[in-house]
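Down below is the structure, laid out as structure tokens.
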Amino acid sequence: KAMAIGIPFLIALSAFQIIPMLNGTKAAFVSTDISIPISELLFWSLPFKKSLLGFSRELGVLNSQGAISWDHHPFLSSIGYEISMAIIPILGLLSLIFRRDWLVASLIVTALIGAFLAKGPTPPGEEVYLWLYNNIPLFGVLKTPNRWIMLGYIAYPLLIGFTLQGLFSLRPQITSG
């Protein structure tokens with residue numbers, strides 16, 4: 001009953017957008033035209049390892065200094081920075097020790113898909129990204145493929161929460177009195 005009322009109501013509320021779109025009208029920013037050259041996508045892409053670790057081209061450390069700083073840290077060495085960034089995905093993957101269900105599996109798959117898409121048209125699997133770019137409407141409108149990293153940014157905190165919950169459940173219970 002709720003859907004019988006809700007769906008027509010939702011369509012009616014959206015009619016001001018749906019009817020013009022059905023007639024071919026669209027906003028200038030909504031385009032299925034892929035206008036970003038592959039060379040520019042390559043510039044804005046990071047290798048798979050860096051995407052998996054959560055590095056982001058436009059969200060670098062201390063970017064308030066006006067410089068793009070996706071691959072270096074003000075006081076950590078490059079390898080130290082990568083090790084510190086690896087802590088987040090590792091803590092997320094440790095959730096598999098404590099909980100093996102569809103939610104954890106889907107969050108891990110989401111993070112991996114996000115990292116794979118965030119690397120853009122770089123190896124491995126650049127052909128897959130380019131196929132999606134050329135064949136899926138609106139897929140190619142992202143100037144920065146690394147924005148797909150947000151899928152991992154959503155998945156990792158939830159996975160880490162499951163890991164912490166599992167770790168806290170292992171501690172001995174303190175009884176009072």
Side-chain angles (χ1 to χ4, degrees), residues 26-65 67-74 76-167:
K26 60 184 174 184
F29 62 86
V30 177
S31 173
T32 57
D33 177 39
I34 299 171
S35 58
I36 300 166
I38 301 295
S39 59
E40 189 170 339
L41 282 176
L42 286 168
F43 172 77
W44 288 104
S45 298
L46 292 176
F48 182 64
K49 179 181 83 170
K50 291 206 182 240
S51 293
L52 188 62
L53 295 178
F55 284 85
S56 180
R57 189 106 165 142
E58 69 272 323
L59 299 172
V61 166
L62 303 176
N63 205 11
S64 61
Q65 299 171 350
I68 298 176
S69 56
W70 59 86
D71 62 351
H72 61 276
H73 193 275
L76 291 176
S77 67
S78 180
I79 190 71
Y81 191 26
E82 287 186 11
I83 289 170
S84 66
M85 290 293 287
I87 292 170
I88 294 171
I90 289 169
L91 284 174
L93 289 174
L94 286 175
S95 64
L96 283 171
I97 294 171
F98 304 105
R99 186 172 169 170
R100 292 185 184 167
D101 60 9
W102 67 270
L103 181 58
V104 170
S106 62
L107 288 170
I108 289 172
V109 168
T110 299
L112 291 173
I113 289 172
F116 179 79
L117 293 175
K119 69 171 190 56
T122 61
E126 62 272 18
E127 302 85 15
V128 174
Y129 187 89
L130 290 173
W131 184 89
L132 293 168
Y133 178 80
N134 289 318
N135 294 294
I136 304 296
L138 301 177
F139 190 87
V141 298
L142 289 178
K143 175 183 176 184
T144 308
N146 204 240
R147 290 183 181 147
W148 288 103
I149 202 71
M150 295 299 171
L151 294 174
Y153 290 171
I154 293 167
Y156 287 143
L158 296 169
L159 291 167
I160 291 170
F162 295 138
T163 301
L164 293 175
Q165 181 183 30
L167 289 172

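No experiment lies behind these values; they were computed from the predicted model shown.
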Any donor-acceptor N/O pair, K119 side chain to L52 backbone, under 3.5 Å
no
Can you tell me if T163 uses its side chain to pair, donor with acceptor, with the backbone of S95 under 3.5 Å?
yes
How close do [X] and [Y] get, counting heavy atoms only, and between which atoms?
X    : Y    : result
L53  : E82  : CD1-O, 3.9 Å
P124 : F116 : O-CE1, 3.5 Å
P145 : Y129 : CB-OH, 3.3 Å
A86  : P89  : O-CD, 3.2 Å
I149 : S51  : CD1-O, 2.7 Å
P157 : Y153 : CD-O, 3.0 Å

Apply side-chain contact (heavy atoms from CB on, under 4.5 Å) to the pair Y81 and M85, showing each step before the final yes or no.
CA-CA 6 Å; Y81 191 26; M85 290 293 287; 3.9 Å; yes
Does the side chain of T122 reach to within under 4.5 Å of the side chain of P47, using non-hydrogen atoms?
no
How far does [atom1] of [X] sit from [atom2] of [Y], to the nearest 0.5 angstrom?
X    : Y    : atom1 : atom2 : value
Y156 : T110 : OH    : OG1   : 10.5 Å
I113 : L117 : CD1   : CG    : 7.0 Å
E126 : L42  : CD    : CG    : 9.0 Å
L41  : Y133 : CG    : OH    : 4.5 Å

Step-by-step side-chain contact (heavy atoms from CB on, under 4.5 Å) determination, L93 to L159
CA-CA 7 Å; L93 289 174; L159 291 167; 5.9 Å; no
Tell me which one of I97, D101, L96 satisfies side-chain contact (heavy atoms from CB on, under 4.5 Å) with R99.
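Going through I97, D101, L96 one by one, the side-chain contact (heavy atoms from CB on, under 4.5 Å) with R99 is satisfied by D101 alone.
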side-chain contact (heavy atoms from CB on, under 4.5 Å), that's the test. Do L167 and L94 meet it? Break it down for me.
CA-CA 10 Å; L167 289 172; L94 286 175; over 6 Å; no
